[in-house]
Amino acid sequence: RRKKKKQNGEGIEAGNEGEVAKLAGRGFPPPATFHSTRPCIRAPPSIPVIKSQVSILSVSTLSARLNLEITKLAQIDCPMEDLPVALFGEIVKRLTKTSDLNSLSLVSKRLYTVEAELRDAICVRSIYPEKVTLASMCSRLPNLCKVEFDYSSCTPRHGMQLDNEGLHVLSSHCPSLTDLTLSSCAYVDDSGLGFLTCFKKLACLKLNALPAITSSGLLSVAVGCVNLAALHLISCKKVGDMAWLEYLGSVGSLEELVVKYCERISQFDLLKFGPGWMKLQKFEFQIKSVPNVFNSLDPLCVEHHQYKYDFCCESLKDLTLARITTEHEIGLRSLLGKCKALENLFLYYVLGLKDNDMIALSHNCSNLRSISLRLTPQFNEGQVFRTSLTDDSLKALALRCPMLQSFELIFWACDEFYPEIGFTQEGLVTLIQSCPIRDLVLSGAHIFNDDGMKALLCAQFLKTLELMDCIQITDAGMRFLAHAPRLVNLILRQCDGFTDDGLGEVIRARKLESLIVEGCSHVSRKAIEGAAKLVHYNEDYPGLFNLDRV
């Protein structure tokens, strides 16, 4: 029967040379060349039945994953084009690799059509194609909701990139777009941002390293994109005027605001968000350079009359502040005492942070689940040069934050003897034993030694422990971890105080699911082989500022 179909031109077996050309001659489009994320799982729309029957028994050009699905179908003894639409959708749903999705065009027109209907996201990371190709791609994928253009690994001389006209084409073909990311798009300026107002459903906009856009373009986005709920602004050097932020604040639609490495935006500018703080759930502000102690005072702050900071942010759940100065003014520091719903707090090298700030935070934020503190020495009262926070902060958190599960503490530029660390081991242990800490990260913590490791045995919920540059921990301290009740993930970086012997006892306990060792000079690769389901070893240490989370 297959032979007869082949003679009549009704069937075809893929796998030999020239097969793609044959399919193209029969009306099959070429495979897509865009990177795809996992398609959303939803019932596909009605698709007209194609009369031609294609019975596929083996497709050597497909990956093993797709071959498995096709093999299952071959056992059904049913022409592929007559299979139910739901079954086609199930096949597409299980394929996550771009190569697999592109290979659908070699199998069946209906599979190709269903895949196009289900694909809701693409990411273009290579050179931008011709505009006609972009238009045809958008036409083939009518249900696109999430699109990303990322040229961070390319330069303009490498070829054509997305420009204003490309955004015009995109706005004309993707009415359902809700999420758009533009990274390192050098040819997009304010005119291009004007086309974004055509996306009436746009809810999330991420602009990363767009050197040509200004505040005027952002204002047009703020006015035209009425459903905008999340805005990320990263490394946009020409954005300075805050009219766009004041407008978004007056509308009160934003739930997520991220501003990073924008040289012309200060922490005081962000206070102009006004009533917008009421609905905001996530806020992040980072400065790329080192905090400047000579920054001018906040022009809105009047001594003993700080009404300008009288705003409400009771919905804020995630707060990140990095490299800001609060030495002589309030600024964004005032957020710490206002966030009653706060769950995740990240404070990175905030100059002027005091115990009183953390105590006020603990009084208002009983739902706090995660804290990350990165501290560097600074001059405190009496010209004492040390990290600013002390055990008073740790005790306040231990007493009033009963839901704290994740704690990261990183010290930068603190030596073993000088400059001093404001915390003590006793204060740190009190926090660990008082709260249900599941994830603990310590870096540069010279105050933490073998006695502290012994105290971890009382941390009944501790599952993940990460130690970086903790030089006071020896073999004796490592051996205690063999008896930690729930510890399953251990990460050790640049810790030279222990050897294979100390770590070996932890390994022999057979409790670890993952073990990562980097830059620990007295630990060998052979000692950790087979220590856990996931094992990683590197003789070198990438450094704190090269880690993914920084």
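Sequence positions, counted from 1, serve as the residue numbers for this chain.
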Any luck finding a side-chain donor-acceptor pair between [X] and [Y] under 3.5 Å?
X: Glu256; Y: His232; result: yes
X: Thr474; Y: Asp450; result: yes
X: Asn164; Y: Ser191; result: no
X: Gln405; Y: Asp439; result: no

Roughly how far apart are [X] [atom1] and [Y] [atom2], rounded to 0.5 Å?
X: Ile371; Y: Leu345; atom1: CD1; atom2: CG; answer: 6.0 Å
X: Phe283; Y: Glu255; atom1: CZ; atom2: CD; answer: 16.0 Å
X: Met242; Y: Arg264; atom1: CE; atom2: CZ; answer: 9.0 Å
X: Leu319; Y: Lys338; atom1: CG; atom2: NZ; answer: 13.0 Å
X: Arg486; Y: Lys463; atom1: CZ; atom2: NZ; answer: 8.5 Å

Short question: side chain of [X], backbone of [Y] - any donor-acceptor pair under 3.5 Å?
X: Asp496; Y: Ser521; value: yes
X: Tyr151; Y: Val124; value: no
X: Thr178; Y: Cys145; value: yes
X: Glu408; Y: Leu442; value: no
X: Gln378; Y: Leu351; value: no
X: Ser253; Y: Leu228; value: yes
X: Thr387; Y: Ile421; value: no
X: Asp500; Y: Ser524; value: yes

Residues Leu512, Leu534; criterion side-chain contact (heavy atoms from CB on, under 4.5 Å); working and verdict: CA-CA 9 Å; Leu512 295 181; Leu534 174 63; over 6 Å; no

Test side-chain contact (heavy atoms from CB on, under 4.5 Å) on Thr325 and Val350; report intermediate values, then the result. CA-CA 6 Å; Thr325 302; Val350 176; over 6 Å; no

Please determine whether side-chain contact (heavy atoms from CB on, under 4.5 Å) holds for the pair Leu257 and Leu280, giving the CA-CA distance in whole Å, both sets of side-chain angles, and the decisive distance to 0.1 Å. CA-CA 8 Å; Leu257 177 61; Leu280 202 65; 4.0 Å; yes

I'd like to know if Arg493 pairs up with Glu466 as an ion pair, taking the criterion as any Lys NZ or Arg NE/NH1/NH2 lying under 4.0 Å from an Asp or Glu carboxylate oxygen.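 Yes, charged N to carboxylate O under 4.0 Å.
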
Is the ring pair Phe411/Phe423 parallel, tilted or perpendicular, if the boundaries are 30 and 60 degrees? perpendicular

Geometric class of the Tyr418/Phe385 ring pair [parallel <30°, tilted 30-60°, perpendicular >60°]: tilted

Should we count NZ of Lys260 as having more than 12 external heavy atoms under 6.0 Å? yes

Partners meeting side-chain hydrogen bond (donor to acceptor under 3.5 Å, both in side chains) with Asn364 (sequence neighbours left out): none

For Phe195, ring-ring contact (aromatic ring centres under 6.0 Å, His included) partners two or more places apart: His168

For [X] and [Y], work out which heavy atoms get closest and say how close.
X: Met478; Y: Val506; result: O-CG2, 3.1 Å
X: His536; Y: Ile528; result: O-CD1, 4.0 Å
X: Pro485; Y: Ala459; result: CG-O, 4.2 Å

Using the six-membered ring of Tyr348, assess whether NZ or CZ of Arg374 lies under 6.0 Å from its centre and within 45 degrees of the ring axis. yes

Take Gln281 and Asp318, measure what side-chain hydrogen bond (donor to acceptor under 3.5 Å, both in side chains) needs, and give me the verdict at the end. CA-CA 6 Å; Gln281 296 183 20; Asp318 294 87; over 6 Å; no

Starting from the C-alpha separation in whole Å, work towards a yes-or-no answer on side-chain contact (heavy atoms from CB on, under 4.5 Å) for Asn489 and Glu513. CA-CA 6 Å; Asn489 304 307; Glu513 295 180 2; 4.2 Å; yes

Mind running side-chain hydrogen bond (donor to acceptor under 3.5 Å, both in side chains) on Ser443 and Asp469 for me, showing each step along the way? CA-CA 6 Å; Ser443 177; Asp469 192 27; 5.9 Å; no

List, one per line, each side-chain donor-acceptor pair under 3.5 Å for residues 208-216, sequence neighbours excluded.
from	atom 1	to	atom 2	distance (Å)
Thr214	OG1	Asp190	OD1	3.4
Thr214	OG1	Asp190	OD2	2.4
Thr214	OG1	Ser216	N	3.3
Ser215	OG	Gly240	N	3.0
Ser215	OG	Asp241	N	3.0
Ser215	OG	Asp241	O	2.8

